[in-house]
Each structure stands twice: as structure tokens, then as C-alpha cells.
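Shown next, in C-alpha cells, is the structure this report addresses.
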Amino acid sequence: MEKIVSLCKRRGFIFQSSEIYGGLKASYDYGPLGVELKKNIKETWWSDMVHCRNDIVGLDCSIVMHPDVWKASGHLAGFSDPLVDCKNCKERFRADQAPRTEAGTEVEFREGGKSSGSKLKGVVDKRGYVCPVCGCPDLSAERQFNLMFRTSIGPVDPLQEIADAAGELADLDMKGRMKKLHEIVARSAVYLRPETAQGMFVNFKNILDSSRVKPPFGIAQVGKSYRNEITTSNLTFRTCEFEQMEMEYFVKPGEDEQWYDYWRNTRLSWYVKLGLSQDKLRLRDHKQSELAHYAKACADIEYYFPFENQDGEGEWGELEGIANRTDYDLKKHSGFTGKDLSYFDPETKERYIPYVIEPAAGADRAALAFLCDAFDEEIVPTAKGGEEVRTVLRFHPKIAPVKVAVFPLVKRDGMPEKSQAIMDDLLSTGINCFYDHGGAIGRRYRRQDEAGTPYCLTVDSQTIEDDTVTIRDRDTMQQERIPMNGVVEIMKKRIGN
RNA sequence: GCGAAUGUAGCUCAGAUGGUAGAGCGCCAGCUUCCCAAGCUGGAUGUCGCGGGUUCGAAUCCCGUCAUUCGCUCCA
């Protein structure tokens, strides 16, 4: 994994955000190659989900939505669980999941939370629970960790309103003061969406009325979402700002289970089609206890990332979740707004609230998985008969950032001019290409290998005579000669455009 | 946010006991080179994460802070 991180930075895939200012926790920027990779993934997803089928339409909705959307969806309550720190063993846990013990009971625990150490005694306070790890009742205050990013809309800074109310606040006790502060903040509070899905539910009726769709049909959206994650880790795997590729598929109740199966399989095979190793992919069904409150069933598509854990092994990480969200969301929004979000089938004269099957993928995670999977080091013979390591990113041509590189074998005899002519042809088609005349030819090939460029075209002395060039394959390093004027067609064919 | 470790050139890292910073690779220019990180010559690059303190003097010692990695937790 360190090698991948290093390569990402060296070649311009991923940089740390605001790096010259010392970086910002778990924020990353995509460099010139990274943005191409991620964009290719998103475009392929969009193409496969929206353009290549006639039952799914697209949507691009605002990141900041009406705050009540999040009340209805349950995020405003469910995303803020009171957490408590144990003063004995330093464990942090959720107050609602701690073992209950009656207030006033005297309990025993070990110093530092270890099995050895002197026995200590303590009395459970009025909260009525103890540390789930060491059983200690000496705990910090319950603190809210809001997992949504809150900001305010409107020109008046809520801090100003708080300042104006300072006198009133000073007279209140802590509980009353927090309540009053919440009231003030709530007047202008809005949230950065923690998922794109709610945009599809909120626009369900708009799309139904404007797009001549009928169940089963889907709404797809690609966009940024934000969550204050407690812990972040492993490069772009878990970040506070991330990009989702989500699709909500609305079906008739009773048909939901078959569509759930359909999307599980369809989405898994999508990753395989784009080149992820099948043996590093798995579909993991959630246990009943794992399911979110709104889900009837859920399965994760997981990839075996090379994150090194204690045993030096990799780790399964979620790329995408496929959930049967039932009619939970539409019902909730219907309840909060009083709007009818049911569908009337004119053929069967039936009215129902559709069930929703949701394949929700992380674009950043997909990009990371493709990057990890493409990474390869192989021993190759050198020109001098020795051996060395060749680093190569074996991207599927469809997601490779640069599709083709063009080189003059040497920088004279008209070769640079010929190369430039080929470049002009490629540039005019929009195929992402790259020109390089610096240094030895071998070095240029290897540079492209590290960037994952699937093909290199080289102009040599024979080109000057008969207008053919060599095309070199990234994975096999084999070359063949092709006519110069057929370059664009051959490239289009090979990269699948 | 808690515990532990780390932070020196683009990358990987060296810099015992404090005396104003080094290597390899990469990068740039030129020459050479008809095909896989080749060769030769020359070149550029470091607020030693940031801020403060101790000291005649700090990359080195102390404090704080930011970030990264590994555990706890959560999830796409």
C-alpha cells in the first residue's frame, strides 16, 4: 500500500488537500491523472446506468437541501449518537449501547481496565450504565457528535444572534442554555447532504410527472456527500467529503426481492467487467442485526484492499452497498410534507407506494480499488541482460487516465514532426494522449507504464520511409506495426470508444 | 476524540553524544542512442511539518500544534 500511495503522489494521482498548509485531516485532491481515472469511472457508471438502458433517468440535485429533509430521513436524529469516554480505560462508546446497571449500585472493576491490577470500586451514577469494556462507572459527560456538516443559510451570522441573546442565555442553566442555542441555530441551519439518495426521493414526484416513467424505473445521481466521520483512514477510503454514485430503483411491492437480486448481480459484474480481480471481490450479505432501520435487506460489494493490518494482511472494504430500502423513505417524506408520493398504475388500476432498491457506490473507493488492483510489479530483463522491477498500472483501457502516448524514437530526422502530426490527429478526436520526446525510449515506456497508459506509439526511421508506426502494448510490451493514417481508428477500437 | 508510533530534497531514506544538511533514485538541459528506467556532461531543488522555549549555537533537547500510520468507533 505504501508503494501505491507513493506512486499516487509521484505521478499525480492523489495529493493531500491543502498540503502546503500542512494538510487537512482526511482530505485529498485528485491530480491530473487521478481526476481522469475518477472521471472515467463516473462516466462509465453513468453510461451503463443511464444511457445504455431505458428504465433509468438522471438527476443532479443541490447539496444543501431543506433541513426537514434530514428530519424525515432520520439523519438529523440517527446521525448524532451521544458518546461517552471511560475515565478508567479510555474506551469511547455509545451511551445507548452500554450495559445497564441500576443507579446507586456499587460495582468493581480493575485499574486501567486490565485483568490484572488492583481492584477498584465505584458507584453507578444516575445515568444507570457502566463502561462496556472494563465495567467502570467513572465516565465523562455524554457528548453529541453530529455526523452531518452544519452550516447556515442567509446573510445574518447566527453568532450575531447568539451574541444578542447573551443576556438571556446567562440566566439559564446548562440544559436550558443548550436548548436556547439550538433554537437560535436552527433558524438558519442547513446541512451538507450525508447521502445523495434523499434528492432522488424528494424529486420522485417531479420525475414521475415530467418524464413519462413508470415502475420499475430508476433515478441515478453522481455527486459529493459529506459526513463527519469519527475516524478516517487509508488514503481516500474514508474521508469526510466523498463522491457517491447512487441509483434508486422504484419497483412494485412484491417485486422488490427479484430486483434486489438483479441489482446485486448486475453491480458485482460491473466491477468485474472493468477489470477488478474476481478473487478480490465478494458480495457480503448483511446480518439481520447489521441492517439499518430502513432496510429490509442489504449486501455489500467488497474489495480486498492491500491495507496492511497487524498481521500484514489486506482488508475487505466496502465499495458499494445494495439495499432494499422498502417504501420507508417515500412514506417518510409523504408523512412530513403531506404530499401523495404513491404511484397509480392505469393498467391494473392499482395505487401503491413503490419499494426502492438502492445500489449506492463510492466513486472515490472505486477509484482506489481500481488503482490498487491495477498496481503490479514484475521482474523484467534489462537491455544489458540483468533484471529489474517494472512498475505498471494495468488499468482497463476504458478507465486508464491517458489512452495513448506518442514518441519519436530519437529527436531528429523528422521524427518529432511525424509524431506531432499523429498527436494532432489524436487531439482532434478527444482521445486523451500524451507526447514525450525526453530521454531514452525505454525510460519513456516505463513512465507510461507507471501512469497506466495502455498503448505507446513510436515513430522510427521506418516511419519516414513508409508511414507506419509501432504500437506497443503496456501489458505484454510487444510491438506491432500499424499504418500511421489508421492510428485514430485503431485506437478507438482498442480503447472501446 | 483517546492510546501508540512517525514527520529531513519530487520519492525512499542517512544525519551517536546539540556546532548553521547528505546519499540513491527521479527531475531539467545538452550530447549520444533505431526500441524497454542504457551512457556521458552540466544543472536545479530543502521555511529539516508548523509555532514557541532552553542554549553562544537546535534537524538534534523541552512544550504546544498540525498531519500521517496502527488500534477503538462508524460507514459509501
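Note that the coordinates shown come from a computational prediction; the quantities given were computed from them, not determined experimentally. Each chain gets a letter, A, B and so on, in the order the sequences are listed, and its residues count up from 1.
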- request: Determine, for A:Arg390 against A:Glu377, whether the closest basic-nitrogen to carboxylate-oxygen distance falls under 4.0 angstrom.
  value: no

query: Got a sec? Which of residues 446-470 of chain A come in under 4.0 Å of RNA chain B, heavy atoms?
result: A:Arg446, A:Arg447, A:Glu450, A:Thr458, A:Asp460, A:Ser461, A:Thr470

task: Quote, to the nearest angstrom, the C1' distance that separates B:C28 from B:C66.
output: 33 Å

- prompt: Heavy-atom contacts under 4.0 Å between residues 476-484 of chain A and RNA chain B, which residues?
  reply: A:Met477, A:Gln479

query: Can a donor-acceptor pair be found between the side chains of A:Thr458 and A:Tyr445 at a distance below 3.5 Å?
result: yes

query: Among B:C36, B:C74, B:A67, which is the nearest nucleotide to the side chain of A:Arg238?
result: B:C74

message: Need the glycosidic conformation of B:A67: syn if within 90° of 0, anti if not. Which one?
response: anti

- request: Specify the separation, in whole Å, of atom CZ of A:Arg10 and atom P of B:G10.
  value: 14 Å

query: Can you list every pair that meets ring pair (Phe, Tyr, Trp, His ring centres under 6.0 Å) and has a residue in residues 5-33 of chain A, with sequence neighbours left out?
result: none

query: What pairs of residues pass the ring pair (Phe, Tyr, Trp, His ring centres under 6.0 Å) test when at least one of them lies in residues 448-477 of chain A, not counting sequence neighbours?
result: none

query: Pairs in or reaching into residues 432-444 of chain A: which pass salt bridge (charged side-chain N to carboxylate O under 4.0 Å, His left out), with residues at least two apart or in two chains?
result: A:Asp436-A:Arg447

query: If pairs are Watson-Crick or G-U with both distances under 3.5 Å, what is the dot-bracket string of RNA chain B, marking crossing pairs with [ ] and pairs to another strand with |?
result: (((((((..((((.....[..)))).(((((.......))))).....(((((..]....))))))))))))....

